[in-house]
Amino acid sequence: MLEDTSFAIHPGKKATIAQTPYHDIGNVKQVTETKEGYLIECEHGFVTIQLYRDDILRITMNPANTPSCDSTPAVYAQKQQVNCSINEEEEDITITSAALKAVIQKRPFRLTILDSDGQEIVSEQDKGMGYHETGDVICYKEMHQHDRFYGFGEKSGFLDKHGESYTMWNTDVYAPHNPETDPLYQSIPYFMTLRNGKAHGIFFDNSYKSTFDMKSESDHYSFKAEGGELDYYVFVGPTPKKVLEQYTHITGRMTIPPKWAIGYHQSRYSYESEQEVREIAKTFVDKNIPLEVIYLDIHYMDEYRVFTFNKDQFPNPKQMISDLKDIGIRIVPIVDPGVKKDPEYETYQEGIREDHFCKYIEGDVYTGDVWPGESAFPDFTDEPTRTWWANKHKYYADLGIEGIWNDMNEPAVFNETKTMDTTVMHKNDGNPATHRELHNLYGLQMGKATFEGMKQHLNGKRSFLLTRAGFAGVQRYASVWTGDNRSFWEHLQMSLPMCMNLGVSGVPFTGPDVGGFAHDSNGELLTRWTQVGAFTPYFRNHSAIGTLYQEPWQFGEEYEAIIKKYIQLRYQWLPQLYMLFQNAHETGSPVMRPLFLEYPGDTKTYNLNDQFMIGDNVVIAPIMQPEVTDRAVYLPEGDWVDYFTGEQYKGSTYHLIHAELDTLPIFVKQGTFIAHSPSRQSTMVEQGELQVHVYAGQEGIYESYVYEDDGETYQYEQSNYLKLPIQVECSPSRIDVSIGELEGSFKPAYSSISFKLHGLEEQQQVYVNGERKDLHHASMELGLF
Ligand code: MIG
């Protein structure tokens, strides 16, 4: 407690920072070519170098032995066969592929990587790879003054992380998140560097507690971990999107979510009874506010026992779930990892009998205090336990549930360290290791078990998983919400760079608790936050026990009307957002993007924290302060148009934009298009006509596509989807819309697409597939089949 007072900075407490000396791996002694790559023996360590793909280099260093090159479960891709050559000279060794050149100076070992243009992307000089006596492994790289750093997963603070230092150790933080709150729930030991408009990335595949330091020295940054091998991948870029493609090639991409998962979700800790849930649902329907999901937080369970319902409060969950589905609403229950220690509880009995719980090396089951009281924790690092847990989800699937919410899976434990004892020994698929080593993987592995279990029980239907904790690769299984924020304007502001950096870290499906979790929300805050939420990939209003209720209607009619308008707007934009999710699945590019991702040459975008892009052609510039109705908006290169008013704006400059409470500033780039459909109560109501809105411009070519599939099964993997490429070419005299060849076999309910042209100039003529159309201010139907 004293640590929370001024006592923490008592003058007598000045720390003597005992610098444990850095040991360098030293000079190269010998190089051998192995099946896997090149093994380089140094005076104080061993290094394996692999060309994982021609644009991805993997470096693994072990101070004591030949590197095992074992990967964490974050790694999804196998090493490819790459054409490369090695050339050894007196001073250095050069390894060359089509996309990169790695030059290893021999005395001492120093690595420089050059891209295919011969430009240096990573380099080492006075320090390189080494270790500390404590067992740490560390790598230093040269840092340039203007280097920008992005990614690092879920971090508070601004977009650009130059001058910061971050630790990876999954942690439950309820105390108000502020710019120095670190670590949080997720660990993604990965970042991207932007230097002179070009990007490259590094993924440090090590699950121990790790630290990335871009602050302690002005000309070096470093990454280190408490143990294990120094195993990292370098992605050569050269664009930020290409780096993401390379990183997600290694750690995997999200599957396309069920459409309902990207609609509007309503939550509360907790809706405590069936009656309350039914009332909430009915209110949404009566008020015509679209709604897809109601969450059940911990109160639905029988004394917080997972895989149970409280019979008094929820007498007939199956009936309730099916009645709600009839009105377009799904139920997503929370599932925590802690299993109540109770010899009369089936899940606990099974876990003990079948040996699924985490144990100390001596054989005692580890227990810790969480909601149910003393609880045991499944050992998700081990396949039989993951399978057991996966099978247990039949309970939920049989009730008609299609989505699960994983919380407390850092794992969070109510004790001083906030988590499990680091000496607990996990089985780890036959390779036992301590919790100290595997802590950061617990949430990921729980997610894997849950996602795969639900997938199996849903017989071909897509499931949805929301998780709080995770590691690199979490995008393969889950969407991530950013944990316990508060109903503070500052937390609305902070959520933008946090979600943008998660997107840059390979996790496209993210969002904060809209309205704020802890503290009391209010009408204005909820309104502004819902406007942003309508465009964040994950869109859920959630609030904590003891705070004011914050459903859309709680603060009066004026706010309710605007909130409703923006939830409906979300549904109008669903075809566009869905296409972007499919794009994330295909390329790794996030749905919600920092502007530098699209404009890496524009320094004005490098630390732009209060705006974001949806895809490559829409800028969202929300108001995030009370009683403010004007703000500066930066529009990058090109010409832009205000989505609501049609007013045109020049790019590469700032504009002062006026936005009353009912207005979210949205700008669409001229010469591009977006896809819409009419709003609807839920995605269970059939989608109406698909509208393509083309924004006329004066110059340039834009290519994108419309994407559709059934929105709920995996049949898209068997070509049962529809992809319609569309190109828009603009000049002062004409707009050419070219519809490419339809790909895939999916037949949507509609048979035509309507095209609407915006901002056409008097002298511009419209051509569709080369044919002149009379389209002034009008729309056109395009037959599909
Ligand atoms: O802190 O299940 O972040 O969303 O409502 C308590 C109760 C545990 C933390 C989650 C929050 C959830 C709450 N949980």
Side-chain angles (χ1 to χ4, degrees), residues 154 156 170-177 181 183-186 265-273 276-277 280 293-310 313-314 331-340 368-373 375 377 403-415 418-420 442-443 446-447 450 464-470 474 478-488 491 494-495 498-499 502 510-521 529 533 536 538-551:
E154 183 184 52
S156 59
N170 290 0
T171 307
D172 169 16
V173 185
Y174 179 71
H177 302 172
T181 307
L184 287 168
Y185 317 90
Q186 296 270 334
H265 297 193
Q266 184 64 52
S267 185
R268 169 88 187 167
Y269 167 28
S270 303
Y271 295 128
E272 293 192 20
S273 67
E276 191 180 7
V277 170
I280 293 285
V293 179
I294 296 177
Y295 287 71
L296 297 184
D297 208 322
I298 49 175
H299 289 88
Y300 79 86
M301 293 175 272
D302 172 20
E303 296 185 310
Y304 312 120
R305 289 175 184 83
V306 285
F307 310 107
T308 69
F309 267 85
N310 175 325
Q313 301 300 320
F314 292 89
I331 288 288
V332 171
I334 197 167
V335 178
D336 292 352
V339 172
K340 187 176 178 64
D369 248 358
V370 272
W371 299 120
S375 302
F377 294 81
I404 299 289
W405 170 20
N406 281 170
D407 186 22
M408 305 287 281
N409 51 345
E410 292 73 28
V413 183
F414 304 147
N415 63 24
K418 295 178 155 198
T419 194
M420 188 178 284
Y442 194 81
M446 180 183 186
T450 306
F464 163 71
L465 174 64
L466 176 68
T467 186
R468 195 168 73 174
V474 65
S479 91
V480 170
W481 99 103
T482 56
D484 295 344
N485 64 3
R486 301 202 170 197
S487 300
F488 297 161
H491 280 190
M494 198 161 73
S495 71
M498 190 181 277
C499 289
L502 271 163
T510 64
D513 283 342
V514 169
F517 176 68
H519 198 68
D520 295 316
S521 201
W529 209 322
T536 50
Y538 178 61
F539 185 19
R540 180 182 73 156
N541 173 322
H542 181 49
S543 58
I545 195 164
T547 66
L548 290 181
Y549 278 74
Q550 63 186 40
E551 291 73 22

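Counting convention: from 1, in listed order, for ligands and their atoms alike.
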Please state which part of [X] comes within less than 4.0 Å of ligand 1, counting heavy atoms only: side chain, backbone, both or neither.
X: D336; result: neither
X: W481; result: side chain
X: W371; result: side chain
X: F414; result: neither

Who's the nearest protein heavy-atom neighbour of [atom], and how far?
atom: atom 12 (C) of ligand 1; result: D297 OD2, 3.4 Å
atom: atom 3 (O) of ligand 1; result: D484 OD1, 2.5 Å
atom: atom 4 (O) of ligand 1; result: H542 NE2, 3.0 Å
atom: atom 13 (C) of ligand 1; result: D407 OD2, 3.6 Å

Legend entry - For D407, all residues meeting salt bridge (charged side-chain N to carboxylate O under 4.0 Å, His left out), sequence neighbours excluded: R468
Inset, instruction - Would you please name every residue forming a salt bridge (charged side-chain N to carboxylate O under 4.0 Å, His left out) with E276, sequence neighbours left out? - result: none
Inset, instruction - Check whether any N or O atom of W405, backbone or side chain, sits under 3.5 Å from an N or O atom of ligand 1, and answer yes or no. - result: no
Inset, instruction - Identify which one of W405, Y295, Y269 satisfies the ring pair (Phe, Tyr, Trp, His ring centres under 6.0 Å) criterion when paired with H542. - result: W405
Inset, instruction - Under 4.0 Å from a heavy atom of R468: give me the atoms of ligand 1 that qualify, with their elements. - result: 3 (O), 9 (C), 10 (C)
Inset, instruction - For I334, counting its heavy atoms only, list the atoms of ligand 1 lying under 4.0 Å from any of them. - result: 2 (O)
Legend entry - Passing option when H299 is tested against I334, I545, N310 for side-chain contact (heavy atoms from CB on, under 4.5 Å): I545
Inset, instruction - Step through it carefully: locate the ring centre of H265, locate the ring centre of W481, and say whether they are under 6.0 Å apart. - result: no
Legend entry - Ring centers of H491, F517 separated by less than 6.0 Å: no
Legend entry - N485 side-chain N/O to D513 backbone N/O, donor-acceptor pair under 3.5 Å: yes
Legend entry - Check: T482 and P512 side chains under 4.5 Å, non-hydrogen atoms: yes
Inset, instruction - Decide whether the shortest distance between a heavy atom of F517 and an atom of ligand 1 is less than 4.0 Å. - result: yes
